[in-house]
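Below: one structure, written as structure tokens.
First listed ligand is number 1; within each ligand, the first listed atom is number 1.
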Amino acid sequence: MKLNERGLLVVLSGPSGVGKGTVRKALFDLEGHDLVYSTSMTTRPQREGEVEGSDYYFVSHEEFERRIKDDAFLEWAEFVGHYYGTPKDKVDAHLQEGREVVLEIEVQGALQVREKAPEGVFIFVAPPNKESLYRRLLRRGTETGDTIQKRMDKAEREFPLAHKYDYIVVNDEVTNAADRVLAIIRAEHARTERSIHKYNQLLEVGKHE
Ligand code: 5GP
């Protein structure tokens with residue numbers, strides 16, 4: 001019987017406005033992988049065009065707080081007045097099946113995951129410069145001036161936390177950034193501590209031939 005290998009947990013994170021979501025979507029559009037996206041839960045109002053269950057699970061404050069009490073989240077954070085969290089059950093189930101699970105979350109949440117699942121791969125998506133971050137937040141047009149300022153202030157506090165991650169990917173061009181993320185995931189599979197036991201099994205098989 002072949003036992004399933006536990007899958008790889010990939011955390012894409014970084015300040016709001018760096019284009020994490022766009023990089024994540026471009027990553028999923030690339031060929032030749034079997035990644036699964038962990039849809040988050042939020043209390044933020046649904047934006048036009050967003051799909052329930054695909055972009056987010058949209059729930060009330062009360063519902064979210066009930067789930068916090070039930071310990072239903074791998075991590076959760078309050079971000080600019082709303083709750084965001086990663087439902088634990090699906091992530092666990094996918095990892096058990098040996099799937100590669102991608103989280104796209106803000107910085108506080110990523111640092112919580114780092115504590116709980118240090119074997120994950122932590123990627124900080126960075127903007128090429130601060131102006132591009134501001135321009136992106138303005139262009140998105142989904143936030144008011146006040147919220148944009150709050151997101152910018154938060155980003156300023158998050159830039160110095162990049163050193164806590166395994167990799168930094170600059171989002172200079174979306175498809176390049178997505179290519180680099182996929183290259184990182186592939187390289188992680190070959191990392192000695194992840195692959196040595198398979199290699200040892202190969203040596204064992206060779207011995208008895
Ligand atoms: P937005 O409101 O722009 O969709 O998301 C705001 C921020 O929350 C983004 O940085 C996004 O990556 C992050 N985010 C989305 N889902 C989660 C989650 O489940 N947990 C945490 N900690 N952050 C999340």
Worked check of side chain to side chain contact (heavy atoms under 4.5 Å, CB included) between Arg194 and Leu8: CA-CA 10 Å; Arg194 294 191 202 280; Leu8 190 65; 3.3 Å; yes
Ligand 1-proximal atoms of Arg151, by part, heavy-atom distance under 4.0 Å: side chain
For atom 12 (O) of ligand 1, the closest protein heavy atom turns out to be Lys20 CE, 3.0 Å
Please list all pairs meeting salt bridge (Lys or Arg N to Asp or Glu O under 4.0 Å) that have one or both residues in residues 106-119, counting only residues at least two apart or in different chains. Arg114-Asp166
Check for me whether the distance between the ring centres of Tyr84 and Phe64 falls short of 6.0 Å. no
Polar contact flag for Ser16 and ligand 1 (N/O pairs, less than 3.5 Å): no
Atom 23 (N) of ligand 1: closest protein heavy atom, distance to 0.1 Å, is Glu106 N, 3.0 Å
Report the member of Val113, Ile105, Asp55 with the shortest heavy-atom distance to atom 24 (C) of ligand 1. Ile105
By number and element, which atoms of ligand 1 are closer than 4.0 Å to a non-hydrogen atom of Phe79? 6 (C), 7 (C)
Around atom 20 (N) of ligand 1, find the nearest protein heavy atom and jot down its residue, atom name and distance. Glu75 OE2, 2.8 Å
Please work out, at 4.0 Å between heavy atoms, whether the side chain, the backbone, both, or neither of Tyr56 comes within that distance of ligand 1. side chain
Among pairs that include at least one residue of residues 95-124, which meet ring pair (Phe, Tyr, Trp, His ring centres under 6.0 Å), considering only residues two or more places apart or in two chains? Phe124-Tyr165
Compute whether any side-chain donor of one residue and acceptor of the other, for Glu173 and Thr175, lie under 3.5 angstrom apart. yes
I want to know if ligand 1 touches Pro15 in the polar sense, i.e. an N/O pair below 3.5 angstrom. no
Relative to ligand 1, is Arg24 under 4.0 angstrom through side chain, backbone, both or neither, heavy atoms considered? neither
Charged N to carboxylate O below 4.0 Å: is that the case for Asp172 and Arg180? yes
Looking only at distances, please establish whether an N/O atom of ligand 1 is found under 3.5 Å from an N/O atom of Ser40. yes
Give yes if a backbone or side-chain nitrogen or oxygen of Trp76 is under 3.5 Å from a nitrogen or oxygen of ligand 1, and no if not. no
